[in-house]
Amino acid sequence: MIHYIKLADRISAWFGKAFAWTILVMTFGMAYEVFVRYLLNAPTSWSLDVSFIMYGTLFMMGGAYTLSRGGHVRGDFLYRLWQPRTQAKVELVLYFLFFFPGVLALIFSGWKYASRSWRYLEVSVNSPAGVPIFQLKTIIVAAGILLLIQGIAQVMRCLLCMRTNEWMRAADDIEETEVMLMEKGAHDVLDHASEAIDIVKPLDTNPTGGRSDKRS
Amino acid sequence: MSDPQIALFMLGIFIIIIFLGFPIAFTLMAMGIIFGYYAYFDPSRMWRAYNRAVEGGADSWTQVELWVDGFFNNNIFDLFINQTFSVMTNEVLTAVPLFLFMGYVVERANIVARLFTTLNVAARRIPGSMAVAALITCTLFATATGIVGAVVTLMGLLALPAMLNARYDSSFASGIICAGGTLGILIPPSIMLIVYAASSGVSIVQLYAGALLPGLLLSGLYLVYVIGRAILQPSVAPKPTAEEVPDIPMGKLIVLLLTSFFPLAFLILAVLGAILFGLATPTEAASIGALGGLVLAVAYRALTWDRLRESVYLTVRTTAMVCWLFVGSWTFSSVFSYLGGEQVINEFVTGLDITPLQFLLLAQLIIFLLGWPLEWSEIIIIFVPIFLPLLPHFGIDPLFFGILVALNLQTSFLTPPMAMSAYYLKGIAPPHVQLVQIFKGCFPFLILVFIAMIVLYVQPQIVFWLPGLIYG
């Protein structure tokens, strides 16, 4: 079970992070468009479609990664007061009722939708450039499968937590060391915040002149 | 049960599930599918091929296959995928990851310490100088990054110890950081307004133009309060000694300002200007902003491989959080209105016989109360759309309503039990700063938010003047 959770975390993180880099394509692609439009007076015909495709791929493929790191927003003002064991029991039931139906629908109907698009190699209607979008529709299926894999891992997390009364955290991620800056007490509060929280210590020296005699 | 009753039942269950703390995006998706399956259930259409096969005496394997086909032949699945794909190709939401990326890059550009130190020196003759410097740093930094948690924690690590060292009252000091850091979701270019634009259909450019003056109004009110309090009650913000804030010659100060304050201000103005004057779409402007952030980070020698990676990975997580919420919400709400839930609410509210002012007060009160347990993303994506169809009936402009909501949601970061700003600050503050003190410090700022909302209601021109000026 632990092995599977670790494997699923790794798969989700790998795909999420790999597709995260599309943000750079987006940044440079759109900036290039502005550049050629104003300076060379020659707007591109593909930049709008490229921005959709990059953005759609980015967030869809990031869904499972976000789930594995507990990043999806939840109204947890009661939840966080409970014992981990209680949290796990409630969550276990809710995963079956309110997670898998949606994700399975995503895979099956996404499959139908994408295969229809593949049949005639659909291109975008936004511009005459003929940017293909059938691959973007396939992303729906891929994102659904990743979520399914990760969802099964989350169910196992619940089962594990019911036994040990302790949540198994995802393997150390890039942010974990930064969150370490926060005190342990606040850590749990921040886990389900609306933003991926992270703290970087300013590299500059203390601006007040490095005084260490804190007044208490 | 009739269909509208089912719809209300669906909303009720949804609220219960929120209280249980399950990830909201998936709850919305699954409930949309389950209730949608019921709503679009049409056996004669779904199993037409199966029925024909049975009559035609097909073999049992074909029958099973056709029955399964029929089972999935419900229109909800098409609706669901169409909604998902429309989130994936939404023109407004494409700006979200870019603005987030810009925020994460700027946040890592080592700029905040420089900015605070400089402003601290520049403001030293003003009463409550450190508080003023902290507030302005928070406002500017929050505007550029739009990431509340980062601003509050970074400033909490930087400005809070400095202010405490200078014998500032700890409530007063923490209130400034919490309230100032939260401004980032209001002052354009902010993510929250993009999200509102995507759920309401109001043009994002108009929203940015409309939110600019109210945002400045609110930060101005904060500033007046901070200076006023420092004058009336000097003990909360004593004048710092020469040792705490060194006197720097004018020439050097100007150089410091040129290298810290102005680049950031210029970046914000460039992005905002490009959007407001129609030179670039918000998405394009955001990409310029992200590029500018990268340049800034290079200039401050802060762009390392690790930091770039962090920014990229954090961008994908926060974008996924926001956009999956949209996937769920759009599916849920189309099923909800198909079942007639929207109409029931519509009829109920219009039947109440209330004036537009009463409606506005009621709506804002509900949003304020929702802000106690929930965060802005859930409120804007899920709950605000319930009010939107009612606006025409009361003759309220959705642009104006959106700005009021944006102001109102400032409070959601400052009110317990889920006062994220206060928790972020508590997480990094010295242990003797208690949560109660932080809340006490936030309280005056809550009042100022309400004052700003009242001012806007009395003087709606503050919202409409700039959009009117630009677009006639």
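Order of the sequence lines sets the chain letters (A, B, ...), proteins ahead of strands, with each chain counted from 1.
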Between [X] and chain A, with a heavy-atom cut-off of 4.5 Å, which part of the residue counts as in contact: side chain, backbone, both or neither?
X: B:L93; result: both
X: B:I111; result: neither
X: B:F80; result: side chain
X: B:I24; result: both
X: B:V87; result: both
X: B:T84; result: side chain
X: B:L20; result: both
X: B:I34; result: side chain
X: B:I191; result: neither

So that I know where these two stand, are A:F98 and B:F22 an aromatic pair - ring centroids less than 6.0 Å apart?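 Centroid distance A:F98-B:F22: not below 6.0 Å, so no.
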
Of all heavy-atom pairs between [X] and [Y], which one has the smallest distance, and what is that distance?
X: B:S287; Y: A:M30; answer: OG-CB, 3.2 Å
X: A:F52; Y: B:T94; answer: CD2-CG2, 3.7 Å
X: A:R37; Y: B:A280; answer: NH2-CA, 3.9 Å
X: B:W324; Y: A:G63; answer: NE1-CA, 3.3 Å
X: A:V73; Y: B:S377; answer: CG2-OG, 4.2 Å
X: A:L97; Y: B:A30; answer: O-CB, 4.1 Å

Options [options], ranked by heavy-atom pairs under 4.5 Å with chain B, top entry:
options: A:W82, A:F35, A:Y95, A:W21; value: A:W21
options: A:L136, A:T27, A:T22, A:D49; value: A:T27
options: A:L24, A:L106, A:I139, A:V103; value: A:L106
options: A:T57, A:L104, A:T66; value: A:T66
options: A:L58, A:I53, A:L78; value: A:L58
options: A:A105, A:S47, A:G62; value: A:A105

Looking at B:F85, is its backbone amide N or carbonyl O close enough to the side chain of A:Y113 to form a donor-acceptor pair, meaning the two atoms are under 3.5 Å apart?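 Not a single qualifying donor-acceptor pair exists.
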
Where does [X] contact chain B at under 4.5 Å (heavy atoms): side chain, backbone, both or neither?
X: A:E91; result: both
X: A:L147; result: side chain
X: A:Y38; result: side chain
X: A:F28; result: side chain

With a 6.0 Å cut-off (strictly less than), is the heavy-atom count around CD of B:E91, excluding the residue itself, greater than 12?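 12 or below, so no.
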
[atom1]/[X] to [atom2]/[Y] distance, rounded to the nearest 0.5 angstrom?
X: A:F100; Y: B:M29; atom1: CZ; atom2: CE; value: 11.5 Å
X: B:R317; Y: A:R69; atom1: CZ; atom2: CZ; value: 7.0 Å
X: A:H72; Y: B:F26; atom1: NE2; atom2: CZ; value: 3.5 Å

Answer key: most heavy-atom pairs under 4.5 Å with chain A among B:G156, B:A286, B:P97 is B:P97

Below 4.5 Å, heavy-atom pairs only: which of B:I17, B:T331, B:V312, B:I33 has the largest tally toward chain A?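 Result: the option with the highest number of such pairs is B:V312.
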
Contact between B:V327 and A:F59 at the side-chain level, heavy atoms closer than 4.5 Å - yes or no? yes

Are side-chain heavy atoms of B:I81 and A:K112 found at a separation under 4.5 Å? no

Specify whether B:F72 and A:F108 have parallel, tilted or perpendicular ring planes, treating 30° as the upper limit for parallel and 60° as the lower limit for perpendicular.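 Ring orientation of B:F72 relative to A:F108: tilted.
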
Could you please spell out the steps behind the side chain to side chain contact (heavy atoms under 4.5 Å, CB included) verdict for B:T281 and A:L48? CA-CA 10 Å; B:T281 65; A:L48 183 68; over 6 Å; no

Going by side-chain contact (heavy atoms from CB on, under 4.5 Å), A:I23 matches just one of B:T319, B:T315, B:V316, B:L100. Which one? B:T315

For side chain to side chain contact (heavy atoms under 4.5 Å, CB included), just list the numbers for A:Y55 and B:T283, CA-CA rounded to whole Å, side-chain angles, deciding distance to a tenth of an Å, and then say yes or no. CA-CA 11 Å; A:Y55 144 82; B:T283 311; over 6 Å; no

